[in-house]
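Input: a single structure, listed below in structure tokens.
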Amino acid sequence: MIDFKSSVGELLANAIKELDFDEIVKNVEVPKNTEMGDFAFPCFKLASIYKKSPNMIAKEIVEKIEGNENFEEIIVAGPYINFKINKNILSKMIIEEVLDKKERFGSSKTGEGKNVIVEYSSVNIAKPFHMGHIRSTMIGYSLYKIYKFIGYNTTGINHLGDYGTQFGKLIVAYKLWGNEKAIELNPIPELLKIYVKFHEEAEKDPELDNQARVWFTKLEGKDEEATKLWTWFKKVSLKEFERVYEMLGVHFDSFAGESFYSDMMPDLLNEMREKNIMSDDDGAEIVKLEEYDMPNALITKSDGSSLYITRDLTAAKYRKNEYDFYKNIYVVGSQQNLHFKQWIKIIDLMGYDWAYDCVHVGFGMVALEEGSLSTRSGRVIFLEDVLNKAVEKTKDIINEKNPDLENKDEIARQVGVGSVVFQELSNNRIKDYTFSWEETLSFEGETGPYVQYSHARACSVLRNANVKLENIDYSLLNDKYSFDLIREISKFNGVIEKAAIKYEPSLVTRYITHLAQLFNRFYHENPILVGDMELRKSRVALVNAFKHVVKNGLSLIALEAPEKM
RNA sequence: GCGUCUGUAGCUCAGUGGAUAGAGCAAUCGCCUCCUAAGCGAUAGGUCGAAGGUUCAACUCCUUUCAGAUGCGCCA
């Protein structure tokens, strides 16, 4: 494997005595326009050293560069020195590597021997799985796959919202108005219905809230009836969620939710007291954080009961002991920025050096055109409805364009669900966005179906190719369209590593979109199944390489790659 | 009030301190006797929210400011 960037650095280091290799490589950049070259070295910084114009310096350096076979051209363009890669060397190296590694192309051993935890989805029991939940679910699952692909030992955790006073409310509501059969039949809507009714009635009769507290206390005390109901609510809810997870193709290694940690919380609180980081405040306990430019954190209420923040502290410590993580990643909305900053600081104050291995990966909000999502105001869109609608529309398109396609239902699922997931992972996660049916159900341009279609097209060509891929003449791929595609393929691993470092699956999404664009241009400009068998072989090899890369990329954002559509 | 994030083409968004700020959608005009037209090409569309500053060079860094989102002790 040749590292062309280092090669540029070496050539320059020999010609420039004033800068060392590392400094030179740091300044080597990739021109925006590939016409200009594959690498560029700007000479502005040398101007003050040499007391000459950057243009002059560039010219003089180029004269001193000896050149090697890795570059077919090294040219001066004003203050820049541009390097053009030897196309034959790169083409041979990359295509052979892809065809050899196939589904492992792009993977690496970066994370070998290191454990990473990703917490994502974390839905609430007995509440609807709505459009807002897709963000954590898919960003998290994609990061899970990305980290795995580059060699980390990765654990995916669904930190279920399965504990707290709301279950006391639910038990009271069920005992008053619940209908077992209706709930078995249609769990989430029925549970939601009695939960909403509870809130309405509790406004008139505050005694209900007291009862709810009593029942939650019973649940904490392992009361038989309370536990039985709670277990049942959890079971029927999970069954519903499983259906959505299956559609999305999302996997978890653990469903340890809030209840899992409840027994460990008292020990943690005692540890905090012993370490003297908590102070009393009107009967409540707080950790003062003013000196770290944060508001104080409330840890226990004045009635002694614990709060949300304790579960995160407890879970983090448990996970460190259990998994000895290198990184502990939380995919949770940006509204909770302060919350994470606070508890991570508290872990630090407790003296644990792994505090900052806990990473909050935030993301923007999903809103509707009518306003922010709100179950109470009826501004909810169920994720399952969105997925089903996308699948239906895909089926219509298939019936129109490719009515003889086998396995239509499964492919409609892969493409329909894929379009929703792809859109979700297209933009930088930090951005808020407004859900729109029109955009979600659009299958043209930068969309999941577009990328999947490109893959299916490549597969179709390969089915008809009828050549053996051996003794390939890579010099036949020197045209602009072929080589643009090859160069892009060579960047795959770098994109994945960067996506992992920045916790940003959208980098992969955008990469495969661009890759598909380059493929479609290549496909349009270059007939592949030509009579000239040497030319045909080389182009088929490239199509084959593209197919593997785009499939691997789709897999990293949890999309399938149907061979026909 | 204090904090964090966002602001780039009509819309949705990319953009490592460096060369002419890029895609998709929408609009207009082309391309299926040819490997899947869920495709490809062309045209048009920009004071990078605003004002200062740092720098040889700023959409990118700093300050101020405007707009929107979000958060700031007994919810999760």
Nearest-Å distance for atom pair CG/C1', residues A:L289 and B:rG73:
12 Å
Under 4.0 Å, heavy atoms only, any strand: does A:S334 hit a base, just the sugar-phosphate, or nothing?
nothing
Kindly point out which of B:rU36, B:rU70, B:rC13 is positioned nearest to the side chain of A:V461?
B:rU36
Looking at every strand, decide which applies to A:N296 at a 4.0 Å heavy-atom threshold: base, sugar-phosphate, or nothing.
base
Using a heavy-atom cut-off of 4.0 Å across all strands, would you classify A:E563 as base, sugar-phosphate, or nothing?
base
Side-chain N,O (A:N464) to OP1/OP2 (B:rC35) below 4.0 Å:
no
Within this structure, what is the CD-to-C1' distance between A:Q423 and B:rU12, rounded to whole angstrom?
9 Å
Roughly how far apart, to the nearest Å, are B:rG15 and B:rG53 at atom P?
29 Å
Give one of base, sugar-phosphate or nothing for A:A47, where a contact means two heavy atoms less than 4.0 Å apart.
nothing
Take the protein atom NZ of A:K51 and the nucleotide atom P of B:rC56, then report the distance between them rounded to whole Å.
12 Å
Using whole Å, report how far CD of A:Q517 lies from C1' of B:rA14.
11 Å
Base, sugar-phosphate or nothing for A:A40? Non-hydrogen atoms, less than 4.0 Å.
base
Check step by step if salt bridge (Lys or Arg N to Asp or Glu O under 4.0 Å) holds for A:D396 and A:K393.
CA-CA 5 Å; A:D396 291 346; A:K393 183 174 172 191; over 6 Å; no
Taking atom types as modelled and ignoring hydrogens, do the side chains of A:N520 and A:Y450 form a donor-acceptor contact shorter than 3.5 angstrom?
yes
Under 4.0 Å: is that the gap between some side-chain N or O of A:Y523 and OP1 or OP2 of B:rG41?
no
With a non-hydrogen cut-off below 4.0 angstrom, is A:N33 in contact with a base, only sugar-phosphate, or nothing?
nothing
Of the nucleotides B:rA76, B:rC74, B:rA14, which one has an atom closest to the side chain of A:Y308?
B:rA76
Over all strands shown, is A:V415 touching base, sugar-phosphate only, or nothing at heavy-atom distances under 4.0 angstrom?
base
Taking only the side-chain heavy atoms of A:E446 (C-beta and beyond), determine which of B:rG24, B:rA76, B:rC40 contains the nearest atom.
B:rG24
From the candidates B:rU36, B:rA76, B:rG39, the one with an atom nearest any side-chain atom of A:Y450 is B:rG39
Under 3.5 Å, is there a donor-acceptor pair between the A:D162 and A:S259 side chains?
yes
Between B:rA37 (C1') and A:M565 (CE): distance, integer Å:
13 Å
Syn within 90° of 0, anti beyond: B:rC32 is syn
side-chain hydrogen bond (donor to acceptor under 3.5 Å, both in side chains) evaluation trace for A:T513 with A:E446
CA-CA 6 Å; A:T513 306; A:E446 296 169 332; over 6 Å; no
What is the separation between atom CZ on A:F519 and atom P on B:rG41, rounded to the nearest whole Å?
13 Å
For A:F340 and A:H360, take the angle between the two ring planes, folded into 0 to 90°, and tell me which bin it lands in: parallel under 30, tilted 30 to 60, perpendicular over 60.
parallel
Identify whether any heavy atom of A:R521 sits under 4.0 Å from a base atom; if not, whether one sits that close to sugar-phosphate; answer base, sugar-phosphate or nothing.
sugar-phosphate
Using a heavy-atom cut-off of under 4.0 Å over every strand shown, decide if A:L307 touches base, sugar-phosphate, or nothing.
sugar-phosphate
Suppose you measure atom C1' in B:rU63 against the same atom in B:rU55; what distance do you get, rounded to whole Å?
16 Å
Conformer about C1'-N of B:rG49 - syn within 90° of 0, anti elsewhere:
anti
B:rA23 C1' sits how many Å from A:Y511 OH, rounded?
17 Å
Checking B:rG73, B:rC72, B:rU36 against the side chain of A:L338 (C-beta onward), the nearest is B:rC72
Considering only B:rG15, B:rU16, B:rU70, which nucleotide approaches the side chain of A:M365 most closely?
B:rU70
Just to confirm, is there a sub-4.0 Å distance from OP1 or OP2 of B:rC13 to any side-chain nitrogen or oxygen of A:N427?
yes
What contact category does A:V543 fall into here, base, sugar-phosphate, or nothing, at under 4.0 angstrom with non-hydrogen atoms?
nothing
Do A:H524 and A:Y481 have ring centres separated by under 6.0 Å?
no
Have a look at A:Q336 and say if it touches a base, only the backbone sugar-phosphate, or nothing, with a 4.0 Å heavy-atom cut-off.
base
Counting any heavy atom closer than 4.0 Å, what does A:N526 reach on the DNA or RNA strands: base, sugar-phosphate only, or nothing?
base
Side-chain N or O of A:R457 less than 4.0 angstrom from OP1 or OP2 on B:rA37?
yes
Do the side-chain N or O atoms of A:N466 get closer than 4.0 angstrom to the phosphate oxygens (OP1, OP2) of B:rC35?
no
May I ask you to check if A:K5 and A:F39 form a cation-pi contact, with NZ or CZ under 6.0 angstrom from the six-membered ring centre and within 45° of the axis?
no
For nucleotides B:rC13 and B:rG73, find the distance between their P atoms and express it as a whole number of Å.
31 Å
Are A:Y318 and A:F260 an aromatic pair, judged by ring center distance below 6.0 Å?
yes
Are A:K345 and A:Y292 in a cation-pi setup, meaning NZ or CZ lies under 6.0 angstrom from the ring centre and within 45 degrees of the ring axis?
yes
Nucleotide by nucleotide, 5' to 3', does protein get under 4.0 Å of the base (B), only the sugar-phosphate (S), or neither (-) in nucleotides 1-7 of chain B, counting heavy atoms?
---SSSS
Would you indicate what A:I398 reaches in the nucleic acid, counting non-hydrogen atoms under 4.0 angstrom: base, sugar-phosphate, or nothing?
base
Mind checking whether A:R135 and A:L425 have side chains closer than 4.5 Å, heavy atoms only?
no
Taking the minimum atom-to-atom distance to the side chain of A:L298, which one of B:rC74, B:rU16, B:rC13 wins?
B:rC74
By the 4.0 Å heavy-atom rule, please label A:I528 as base, sugar-phosphate, or nothing.
base
Picking from B:rC74, B:rU70, B:rC40, which would you name as closest to the side chain of A:S302?
B:rC74
